[in-house]
Amino acid sequence: MPELPEVETIRRDLEKEIVSKRVKSVEVHGTRSVRRHGSDEEFIGRLEGRKVLSVKRSGKYLLIGLDADQDVLVMHLGMSGQLLRVKSPKEPMAKHTHVVITFTQAGQLRFVDPRTFGELFVTRQDDLEKAVPELAHLGFDPVDDVMSWTRFGALLANRHAQLKPLLMDQRFVAGIGNIYSDEILFAAGLKYDRPSDSLSAQEVRRLYRGMVETLSEAIKHRGSSLADEQYRDLFGEVGDYQGQHQVYDREGLACRRCRHEIVRLKVGGRSSFMCEVCQV
DNA sequence: ACGCCCGCCTGTAAGC
DNA sequence: TGCTTACAGGCGGGCG
């Protein structure tokens, strides 16, 4: 579910909420969310008593720096994961709450995930790049890493892939998923199936700008919550960027630029939306 | 390389 | 009113 703008929104709030807090206790329910550890006890043991030093993001991963042994708590929300900050342990427990972290002062952080594609694990900072290949192989960060558009053009030209799947390839660029790839391609005026090595210099610039500006705007609006409102921030509030969507989830509606009807199609098995006039 | 298909899960909506 | 099917913000693996 959550892509870079949603994860970054959560990261910023989490930073304000949990840095310098100390973990008092941890509960794990079910077997799916904590699955890389030999046992739940090992995971819990590496968290209890630790103080949170930092909250970082790498692509769609959240990295919680801990004060002991340079350990990091890694969290990925998958399709349906939510982090909820609650002030009191007495607050009713939502269905599908799989991990509960209680701090010594003030409340809990709860991980709720109906589809259980998300996960949490603790690893050594040094091992992030060795023991966790998904993290090690992540591409550049489209918001944090400054890159010239000429370098971006070189990266595109090195590949021969359709633009949409390439934007969604976490090894190429980290953090973009199904919603934002469509929005970025509309912003750039490019069609999903353009080969990455077919772009003119001007098209490369448009794609780079479209990527940076779309994601930055989405962060300002605290991410996108679709009709099911599955994406909620740390405090249970919905995002606001869906109102700015140009194509995603707008099948049959008029293009905001040219009034032509937005169409829906499948690209790599995923629902995709585009304007056939504005994107070529 | 790249594109496609599957599996991993639960919940909801649409179709019959 | 069922029951069945399709689909949902992700990702890894296998196959051709």
Side-chain angles (χ1 to χ4, degrees), chain A residues 1-11 29-36 57-62 74-83 94-98 111-121 131-139 142 155-185 192-198 214-215 218-219 221-233 238-245 247-252 264-273:
Chain A
M1 159 190 59
E3 305 180 33
L4 187 151
E6 291 78 29
V7 178
E8 178 61 18
T9 300
I10 293 168
R11 189 201 68 76
H29 301 114
T31 58
R32 293 270 311 153
S33 301
V34 177
R35 50 185 185 258
R36 290 197 199 209
R57 179 186 59 76
S58 200
K60 300 175 195 171
Y61 291 84
L62 285 165
V74 181
M75 309 195 276
H76 193 290
L77 303 176
M79 285 283 262
S80 59
Q82 288 180 49
L83 285 170
K95 201 177 176 187
H96 305 296
T97 299
H98 301 127
F111 178 69
V112 183
D113 187 13
R115 293 178 71 182
T116 69
F117 294 163
E119 67 167 327
L120 286 75
F121 60 91
V132 191
E134 305 94 297
L135 271 290
H137 298 150
L138 282 181
L155 291 178
L156 288 168
N158 278 342
R159 303 287 294 268
H160 182 69
Q162 295 185 357
L163 284 181
K164 166 144 172 153
L166 186 59
L167 287 175
M168 290 175 65
D169 181 350
Q170 304 304 300
R171 297 171 71 136
F172 178 72
V173 53
I176 299 169
N178 204 34
I179 291 181
Y180 294 103
S181 56
D182 280 3
E183 292 299 318
I184 289 165
L185 287 169
Y192 64 93
D193 64 351
R194 284 288 300 279
S196 58
D197 55 357
S198 76
T214 298
L215 297 171
I219 292 169
H221 286 269
R222 300 184 60 81
S224 303
S225 298
L226 300 184
D228 58 11
E229 298 190 348
Q230 228 185 68
Y231 165 67
R232 300 281 184 142
D233 68 17
V238 295
D240 197 25
Y241 190 68
Q242 62 283 358
Q244 310 292 319
H245 286 183
V247 288
Y248 195 87
D249 215 15
R250 299 194 72 242
E251 181 188 16
R264 178 191 193 124
L265 54 151
K266 289 271 179 204
V267 179
R270 311 294 299 275
S271 275
S272 304
F273 303 83

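Each chain gets a letter, A, B and so on, in the order the sequences are listed, and its residues count up from 1.
Distances shown here put a side-chain N or O of A:Arg32 below 4.0 Å from the OP1 or OP2 atom of B:dC9. Checking the phosphate oxygens (OP1, OP2) of B:dG11, a side-chain nitrogen or oxygen of A:His96 falls inside 4.0 Å. Between A:Arg264 and C:dA8 there is a side-chain polar atom (N or O) within less than 4.0 angstrom of OP1 or OP2. For the OP1/OP2 pair of C:dC11 and a distance below 4.0 Å, the side-chain nitrogens and oxygens of A:Gln170 include at least one atom meeting the criterion. The phosphate of B:dC4 (OP1 or OP2) has no side-chain N or O of A:Lys266 nearer than 4.0 angstrom. Contact between the side-chain N/O atoms of A:Ser271 and the OP1/OP2 oxygens of C:dA8 is found at a separation under 4.0 Å. Phosphate proximity of C:dG10 to A:Arg270: present, with a side-chain N or O under 4.0 Å from OP1 or OP2. Contact annotation: A:Lys164 does not reach the phosphate of B:dC2 (side-chain N/O to OP1 or OP2, under 4.0 Å). Between A:Lys60 and C:dG10 there is a side-chain polar atom (N or O) within less than 4.0 angstrom of OP1 or OP2.
Of the candidates C:dA8, B:dC2, B:dG11, the closest approach to any side-chain atom of A:Tyr248 belongs to C:dA8. Comparing C:dG9, C:dC11, B:dG11 by their nearest atom to the side chain of A:His76 picks out C:dC11. Taking only side-chain atoms of A:Phe117, from C-beta outward, the nucleotide of C:dC11, C:dA8, C:dG10 with the closest atom is C:dG10.
A tilted orientation is assigned to the rings of A:Phe111 and A:His98, their planes being inclined by 30° to 60°.
Residue-level contact check: A:Leu226 touches the bases, meaning some heavy atom is under 4.0 Å from a base atom.
Between the CG atom of A:Asp197 and the CG atom of A:Leu155 there is a distance of 13.0 Å, given to the nearest 0.5 Å.
If you measure from atom CD of A:Glu229 to atom C1' of C:dG9, you get 14 Å, rounded to the nearest angstrom. Counting to the nearest Å, the P atom of C:dG10 and the CG atom of A:Leu167 are 13 Å from each other. Atom CZ of A:Arg115 and atom P of C:dC11 are 13 Å apart (whole Å). Atom CG of A:Asp249 and atom P of C:dC7 are 14 Å apart (whole Å). Rounded to a whole Å, the CG atom of A:Asp182 is 10 Å from the P atom of C:dG9. The distance from atom CZ of A:Arg36 to atom P of C:dC11 is 12 Å, rounded to the nearest whole Å. The distance from atom CZ of A:Arg171 to atom C1' of C:dG10 is 16 Å, rounded to the nearest whole Å. Between the CG atom of A:Leu215 and the C1' atom of C:dG9 there is a distance of 13 Å, given to the nearest Å.
Of the N and O atoms on the side chains of A:Tyr180 and A:Glu6, at least one donor lies less than 3.5 Å from an acceptor on the other residue. Using modelled atom types, one finds a donor on one side chain and an acceptor on the other under 3.5 Å when comparing A:Ser271 with A:Arg264.
When the P atom is compared between B:dC6 and C:dT5, the two are found 15 Å apart, to the nearest whole Å. C:dA6 and B:dC5: their P atoms are spaced 14 Å apart (whole Å).
Contact check on A:Asp169 versus A:Arg159 returns a salt bridge, with a Lys/Arg side-chain nitrogen under 4.0 Å from an Asp/Glu carboxylate oxygen.
The base of B:dA1 is not paired with the side chain of A:Arg159 by any donor and acceptor separated by under 3.5 Å. Side-chain atoms of A:Asp228 and base atoms of C:dG9 include a donor and an acceptor less than 3.5 Å apart.
Shown here, B:dG11 is classed anti by the O4'-C1'-N9-C4 or O4'-C1'-N1-C2 angle, which is more than 90° from 0.
Nucleotide B:dA13: paired with C:dT5 (Watson-Crick or G-U wobble, both distances less than 3.5 Å). Pair check for C:dG12 finds B:dC6; Watson-Crick or G-U wobble, both atom distances under 3.5 Å.
Between the side chain of A:Gln170 and the backbone N or O of A:Gly59, no donor-acceptor pair lies under 3.5 Å.
Remark on DNA chain C: of its neighbouring residues A:Glu134 and A:Asn178, the 5'-side contact belongs to A:Asn178, judged by nearest-heavy-atom nucleotide.
Side-chain atoms of A:His245 and A:Asp182, non-hydrogen and from C-beta on, never get closer than 4.5 Å to each other.
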